[in-house]
Protein chains: 2
Amino acid sequence: MKRTTSSGEVPTGYDPLQFPAFAVTVDVVILTVSDGALHLLLVRRGESPFEGMWAIPGGFKRPTETLDEAARRELREETGVDVASLLVQFGAFGDPQRDPRMNVVTIGYLAVIRDVGAIVAGSDAADAALIPVSEVLDGKLELAFDHRRIVCDAIERVRVELAVSGIATAFVGTTFTLAELRGVYEGLWGVQLDAANFRRRVVNKDGWVIPTGRRARPGLAGGRPAELFRVGRAWNHSGLTHPQRNHQEREVE
Amino acid sequence: MKRTTSSGEVPTGYDPLQFPAFAVTVDVVILTVSDGALHLLLVRRGESPFEGMWAIPGGFKRPTETLDEAARRELREETGVDVASLLVQFGAFGDPQRDPRMNVVTIGYLAVIRDVGAIVAGSDAADAALIPVSEVLDGKLELAFDHRRIVCDAIERVRVELAVSGIATAFVGTTFTLAELRGVYEGLWGVQLDAANFRRRVVNKDGWVIPTGRRARPGLAGGRPAELFRVGRAWNHSGLTHPQRNHQEREVE
DNA sequence: TTGGTTTTGGTCATGTCAACAATAACCTCA
DNA sequence: TGAGGTTATTGTTGACATGACCAAAACCAA
């Protein structure tokens, strides 16, 4: 049995070129909620291969920076925002044929930003757009490289993270109404949540949301003005779970 | 604002060496539960740097294989087992100085195997050992490279995964008693669980465990023989949660 | 047979949560 | 100004989950 260690059977005098060399890139899936639906930021490729197709923004990792720094740099170059509400690594992708030109391993990052409308407009709007993720998941919109799979993994991660931690607050502004926050859950899970029960669950969560005294102005349709909240610091412990039917059938098929 | 896409500003006629080249490795954190405590498989490094120190097994990704294949290959080379109960990627590590020799980006994999005792014995036992993770977390045992951080991330992932999915069954054999399964939770969470309540929670979970008719032989101390279960297929939906005190104080500090 | 040990089943009180009803506070339009 | 519409919030209720605790069952060793 061959024994190898983390960096392999490297003799003391090594030659870097003797080992398989890869290009390492960082790709950032930038998400936001708009009109109650999850959207992601895509850019149109200007070069071959996949010229003219939509892709998620990304670029080479530089030898002097960490992966996190590379992701933050890419996000800044793409959107101009310096810090996202959330920027976490969610996976690495290294299939041999994922880039037809050379061997590229990419590290996927997930970024959540609050209101990206103005940001995309300020950017080079010609080749960047906010696309509903449903179009990607449906397969209606084809993406370059293996970016469809990368996006799918990112979405899945968001859904899980939403249940296990308080990611939802990353999608809303610094102050928000509970209806807005509820919309994030409904959009990402594709469910309808009871407003009354949602309120109780969220407000009772220890340090989850903090009421500011103020109230939001009602929408065009009127209605009682909603209370304004800001995020508490404890949005990282036990998240919300999917609502489960009261009368779930307990049959073991 | 500079616009880059996933593979950067690569002209059509590209020269691979013109872009930052990295070595890509796959490191596998191999976990098992032994004597009610979580252990991990470490190998002793035979070469510089960090010669003689403990490290997690790993090696170079080959250009023709996927990351998952590389992880499976490393696991097989190290333990001889062909397929783990669980083998998932959990993170990428690419700090510039993590390897003093060259720029190495490593992809961390988490492997869970059932009974590793015989396996390690069958391997080249001189430089491989099962170490309690507590010794690594305490800092009592120093690891090569940034492997301590990699291990910490893996453990954290296991703890979360344990609550959100049914990872626990990956630690036990194909048939198991509820005491064994409970021991996994107790070992990983560092808590004591009531046997009666644990049984109800696990058995009531839809498709979680399936009773085989057989019973285990009692231990040396006697006791009623335990029922033997096997894992159901639905161990991926809503996991168990930490037990929470009945009278939790609800103060907002 | 007796005492020890482990598993399994039962009870009870409390807490959580979904469903639903009712009220409060705003809007627009007549 | 008032009526009807809309949204947010509070209340109530019943089903279920869960933790604490107790008791019985089924084995061992002596």
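Below, chains carry the letters A, B, ... as their sequence lines are ordered, and counting in each starts from 1. All values derive from a computational prediction rather than experimental measurement.
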> Could you give the CG-to-P distance, from B/Leu178 to C/dT7, as a whole number of Å?
Replying inline: 9 Å
Using atom types as modelled, flag every donor-acceptor pair under 3.5 Å from a side chain in residues 210-221 of chain B to any protein atom, sequence neighbours excluded.
| residue | atom | partner | partner atom | Å |
| --- | --- | --- | --- | --- |
| B/Thr212 | OG1 | B/Arg214 | N | 3.0 |
| B/Arg215 | NH1 | B/Pro225 | O | 2.8 |

> What integer distance in Å separates A/Glu186:CD from D/dT7:C1'?
Replying inline: 14 Å
> Given atom CZ of A/Arg217 and atom C1' of C/dT28, what is their separation to the nearest angstrom?
Replying inline: 16 Å
>> With a 3.5 Å cut-off and heavy atoms only, can you find an N or O donor on one side and an acceptor on the other between the side chain of A/Asn197 and the base of C/dA19?
In response: yes
> C/dG10 C1' sits how many Å from B/Arg199 CZ, rounded?
Replying inline: 13 Å
> Looking for any heavy atom pair under 4.0 Å, which part of the strands does A/Arg200 touch: base, sugar-phosphate only, or nothing?
Replying inline: base
> Thinking salt bridges, do B/Arg73 and B/Glu77 make one under a 4.0 Å N-O criterion?
Replying inline: yes
> For A/Arg199, which residues count as a side-chain contact (heavy atoms from CB on, under 4.5 Å) partner, sequence neighbours excluded?
Replying inline: A/Leu178, A/Val203, A/Glu227, A/Phe229
>> Under 4.0 Å, heavy atoms only, any strand: does B/Ala226 hit a base, just the sugar-phosphate, or nothing?
In response: sugar-phosphate
> When you measure from the side chain of A/Arg201, which nucleotide among D/dG19, C/dA18, C/dC20 comes out closest?
Replying inline: C/dA18
Could you pull out the protein-nucleic contacts involving nucleotides 27-30 of chain D (nitrogen or oxygen on both sides, under 3.5 Å)?
| residue | atom | partner | partner atom | Å |
| --- | --- | --- | --- | --- |
| D/dC27 | O2 | B/Gly223 | N | 2.9 |

>> Tell me every residue that passes side-chain contact (heavy atoms from CB on, under 4.5 Å) with A/Val133, counting only those two or more places apart in sequence or in another chain.
In response: A/Leu31, A/Leu38, A/Leu40, A/Ile155
>> Checking B/Glu142 now: which residues fulfil side-chain contact (heavy atoms from CB on, under 4.5 Å) with it, not counting sequence neighbours?
In response: B/Met53
> Does anything in residues 167-185 of chain B pair up under salt bridge (charged side-chain N to carboxylate O under 4.0 Å, His left out), and if so which pairs, sequence neighbours excluded?
Replying inline: B/Arg182-B/Glu186
> Separation of A/Leu193 atom CG from C/dA19 atom P, in whole Å?
Replying inline: 10 Å
